[in-house]
2 protein chains.
Amino acid sequence: MNSTSTAGLPPKTRDALTAAQLYYLQDLTMDAIAHELHTSRSSVSRLLGHARETGLVEIQVKSPLDMPRQLEGDIRSEFGVVAHVVPVPDQTSDVDRLERVALSAARILGGFVDSNMSMGVAWGSTMSALSRHLLAKPTHNSTIVQLNGAANPRTTGLLYASEILQRFGAAYSATVQQFPVPAVFDDPATKAALWRERSISRVVEMQNSLDVAVFGLGSPFAGVPSHVYIGGYLDDDDFASLRAAGVVGDVATVFYREDGSTDGIGLNERSSGPSMEVLTGIARRVCVVAGETKLQSLRGALAAGLVTDLIVDSGTARMLVGN
Amino acid sequence: MNSTSTAGLPPKTRDALTAAQLYYLQDLTMDAIAHELHTSRSSVSRLLGHARETGLVEIQVKSPLDMPRQLEGDIRSEFGVVAHVVPVPDQTSDVDRLERVALSAARILGGFVDSNMSMGVAWGSTMSALSRHLLAKPTHNSTIVQLNGAANPRTTGLLYASEILQRFGAAYSATVQQFPVPAVFDDPATKAALWRERSISRVVEMQNSLDVAVFGLGSPFAGVPSHVYIGGYLDDDDFASLRAAGVVGDVATVFYREDGSTDGIGLNERSSGPSMEVLTGIARRVCVVAGETKLQSLRGALAAGLVTDLIVDSGTARMLVGN
DNA sequence: AAACCCGATGCACAAACGTGCAAGGAGAGT
DNA sequence: ACTCTCCTTGCACGTTTGTGCATCGGGTTT
């Protein structure tokens with residue numbers, strides 16, 4: 001037989017690996033591979049799909065180092081963050097835009113993940129889309145940690161948030177740490193009390209020593225409110241106070257103004273999300289943004305120094321640097 | 001417009017980059033991309049081909065680290081070299097085998113190249129095939145150095161060897177150092193004299209400080225003689241002496257026995273290739289072998305410790321570890 | 001200015017590919 | 001033993017992709 005034999009691992013993986021070699025390294029057609037593997041061409045097609053999904057095959061697009069892409073360079077020099085601009089036609093709808101940014105972000109994220117890492121993950125529509133497109137990259141001893149609670153007066157939010165977390169865990173073969181608390185507490189004292197519970201403080205401590213954080217941005221007063229703002233997490237008084245305080249956005253239910261400041265925003269005392277200090281203590285902070293409605297929010301996050309790596313669609317990127 | 005604008009670099013590259021992002025990172029069809037770029041689908045197809053050829057897109061196949069491939073593991077533990085086994089059906093002809101190994105080798109080689117490196121390159125049918133499939137990887141300040149002369153009583157060999165060298169140079173945007181000397185001298189004194197010429201000694205010195213060497217293997221007495229042995233480089237007396245000395249193969253016209261020894265092989269005094277000591281002083285020594293006719297030669301090279309990285313077809317690999 | 005060359009373009013066709021579907025098979029539960 | 005479920009397979013079809021060819025436009029040579 002053909003064979004580059006491997007032992008132990010599932011024959012499916014074994015075949016996928018061989019097929020990937022033949023297809024991507026030797027440019028055989030799927031037909032030819034099917035013949036070599038004694039199966040049908042369609043199986044080979046599926047095999048290759050499997051190989052891509054599970055990270056056996058890695059495809060990178062790298063811009064020539066000589067000339068970094070202009071927008072990315074502009075953003076870097078103006079805001080001091082590494083930018084990944086996702087090309088999207090200008091007339092694209094916001095949903096498509098999100099979908100395409102999420103798709104690219106999911107692939108870029110693979111480069112940030114490695115063994116023995118802990119990664120903090122927020123939730124929201126951006127993170128949900130992102131999680132749906134993750135490519136597998138096997139690691140050892142990694143942990144995915146939920147950044148902020150997802151419960152609200154109507155639901156525990158666990159299903160929604162854990163679905164996202166689980167997908168991250170599966171993609172990176174990492175253990176998952178959920179954070180079963182309300183997104184925003186009614187009473188700050190309850191939060192303080194809960195934070196003393198060992199089961200909870202354990203997670204909080206993990207949040208304090210993350211290697212990477214991944215999050216989208218909320219934009220309370222923009223055209224299309226994010227998940228946080230329509231899910232019943234906040235009541236009318238909360239909204240009013242946010243507006244009064246001049247809030248333009250949030251990261252993991254922690255709110256900030258356009259200049260990045262947070263002082264005197266009462267809601268943050270009751271929020272389950274990590275404080276700005278904790279967040280900025282994380283070495284790599286990946287922010288995923290799609291759509292111009294989040295522009296103001298993005299400016300705030302950048303001003304606050306919350307972001308080290310920005311993944312953003314080209315339209316919003318252009319608005320950001322103003323041209 | 002769409003745009004992720006870049007400046008300076010050729011619009012072709014710019015478009016290829018965008019197309020690659022849309023195709024490989026966002027899974028659009030070429031049709032859709034053609035629409036976004038305002039061109040025809042066929043142009044996009046060619047654009048993507050260009051992107052792959054020029055290294056804008058990099059595709060890697062990685063075996064799960066958990067379970068390295070069996071043959072590769074066997075070879076590593078038995079011979080202490082990193083092996084890349086190229087799957088090839090057993091009944092493949094030797095030419096196809098060579099072609100397929102060369103194709104894979106060309107892609108693997110990309111991972112060994114980087115800026116500020118000097119790479120020694122041999123010539124021969126294997127290297128020729130390999131050079132034809134190299135993928136571009138732009139580097140700075142790299143050098144390709146010819147390992148051994150290619151002139152013989154019939155031709156200067158420059159065309160043949162330089163074609164190979166040039167392709168390496170082009171692929172890695174490196175400067176090329178040719179070595180315009182006979183493969184094998186008639187008179188060792190001439191070699192000594194020439195080695196004192198500054199134009200030549202300059203190259204010899206570069207050979208002494210290489211970071212990587214890439215070479216195939218010769219097998220003088222195997223079924224299909226390699227390029228060296230039919231090109232008129234050696235006369236009948238030479239052949240007789242090689243046979244008498246028990247030679248099984250060569251690297252860059254430096255000959256060795258099956259046990260890796262070279263003592264008393266007179267021809268080596270007259271060879272233009274780097275001595276074993278020089279070769280083994282190079283940190284990474286990549287050997288590309290296709291076909292069982294080179295098995296004996298391969299054993300010799302391994303015994304001599306000439307190889308750190310081996311790229312070999314599955315059939316020969318299996319013979320090598322004996323099962 | 002004419003002739004020429006070279007690379008880029010779109011067309012049209014054939015080759016290669018992805019996927020819904022129905023059939024088959026292995027294993028778990030009854 | 002039977003059924004039910006879940007996964008895998010190959011087929012058939014429509015879609016997507018590669019490429020030979022004719023064309024065109026810009027730049028160079030004569």
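All values below come from the heavy atoms of this structure, side chains included, with hydrogens, waters and symmetry mates left out. Just so we're on the same page: letters track the sequence lines, and every chain starts at 1.
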S.K.: Do B:S128 and B:R132 pair up side chain to side chain, a donor and an acceptor below 3.5 Å, judged on atom types alone?
M.R.: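 A donor-acceptor contact under 3.5 Å links the two side chains.
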S.K.: Rounded to whole Å, please give me the gap between CG in A:D27 and C1' in C:dA16.
M.R.: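 To the nearest whole Å, that distance equals 13 Å.
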S.K.: Measuring from the side chain of A:S43 (C-beta onward, heavy atoms only), which nucleotide among D:dG10, C:dA16, C:dG10 has the closest atom?
M.R.: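 Per side-chain heavy atoms of A:S43, the pick is D:dG10.
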S.K.: Ignoring backbone atoms, establish whether B:Y23 has a side-chain N or O less than 4.0 Å from OP1 or OP2 of D:dT17.
M.R.: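 For B:Y23, the contact criterion (side-chain N or O under 4.0 Å from OP1 or OP2 of D:dT17) is met.
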S.K.: Measure the distance from CG on A:L47 to P on D:dC7 and round it to the nearest whole Å.
M.R.: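 That distance rounds to 17 Å.
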S.K.: Base, sugar-phosphate, or nothing for A:S40, non-hydrogen atoms under 4.0 angstrom?
M.R.: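 Base, at least one base atom sits under 4.0 Å.
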S.K.: Test of understanding: with salt bridge (charged side-chain N to carboxylate O under 4.0 Å, His left out), list the residues that count as partners of B:R76, not counting sequence neighbours.
M.R.: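 Expected list: none.
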S.K.: Using whole Å, what does the distance between atom P of nucleotide D:dT9 and atom NE2 of A:H50 come to?
M.R.: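 For the pair A:H50 NE2 and D:dT9 P, the rounded distance is 11 Å.
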S.K.: Does B:R46 contact C:dG7 through a side-chain donor or acceptor facing the base, at a distance under 3.5 Å?
M.R.: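 Looking at the base of C:dG7, it does not pair with any donor or acceptor on the side chain of B:R46 (distance under 3.5 Å).
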S.K.: Salt bridge or not for B:D313 and B:K294, using N-O below 4.0 Å?
M.R.: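 No, no charged N to carboxylate O under 4.0 Å.
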S.K.: For B:W123 and B:E163, run side-chain contact (heavy atoms from CB on, under 4.5 Å): C-alpha distance rounded to whole Å, both residues' side-chain angles, the deciding distance at 0.1 Å, then the answer.
M.R.: CA-CA 10 Å; B:W123 47 265; B:E163 198 178 335; over 6 Å; no
S.K.: Tell me what A:S45 touches on the nucleic acid: a base, only sugar-phosphate, or nothing, going by heavy atoms under 4.0 Å.
M.R.: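 The residue A:S45 makes base contact.
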S.K.: Is B:T39 close enough to C:dG10 that one of its side-chain N or O atoms is under 4.0 Å from OP1 or OP2 there?
M.R.: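 B:T39 to C:dG10 OP1/OP2: side-chain N or O found under 4.0 Å.
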S.K.: Starting from P on D:dT16, measure out to CG on A:D31 and report it in whole angstrom.
M.R.: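 Roughly 20 Å, once rounded to whole Å.
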S.K.: Report the distance from atom NE2 of B:H38 to atom C1' of C:dA8, rounded to the nearest whole Å.
M.R.: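 The distance from NE2 of B:H38 to C1' of C:dA8 comes to 18 Å, rounded to the nearest Å.
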S.K.: Calculate the interatomic distance between B:H35 atom NE2 and D:dT16 atom P; express it in whole Å.
M.R.: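 Interatomic distance, NE2 of B:H35 to P of D:dT16: 14 Å.
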S.K.: Nearest to the side chain of B:S42 - D:dT17, D:dT19, C:dC17?
M.R.: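 Closest of the options to the side chain of B:S42: D:dT19.
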S.K.: What is the distance, rounded to the nearest whole Å, between atom CZ of A:R41 and atom C1' of C:dT19?
M.R.: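 It works out to 10 Å between those atoms.
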S.K.: Could you state the CG-P distance from B:L22 to D:dT17, rounded to the nearest angstrom?
M.R.: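 Taking atom P of D:dT17 as the reference, CG of B:L22 is at 12 Å.
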S.K.: Using 30° and 60° as the class limits, which term best fits the ring planes of A:H38 and A:H35: parallel, tilted or perpendicular?
M.R.: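 The rings of A:H38 and A:H35 sit tilted, inter-plane angle from 30° to 60°.
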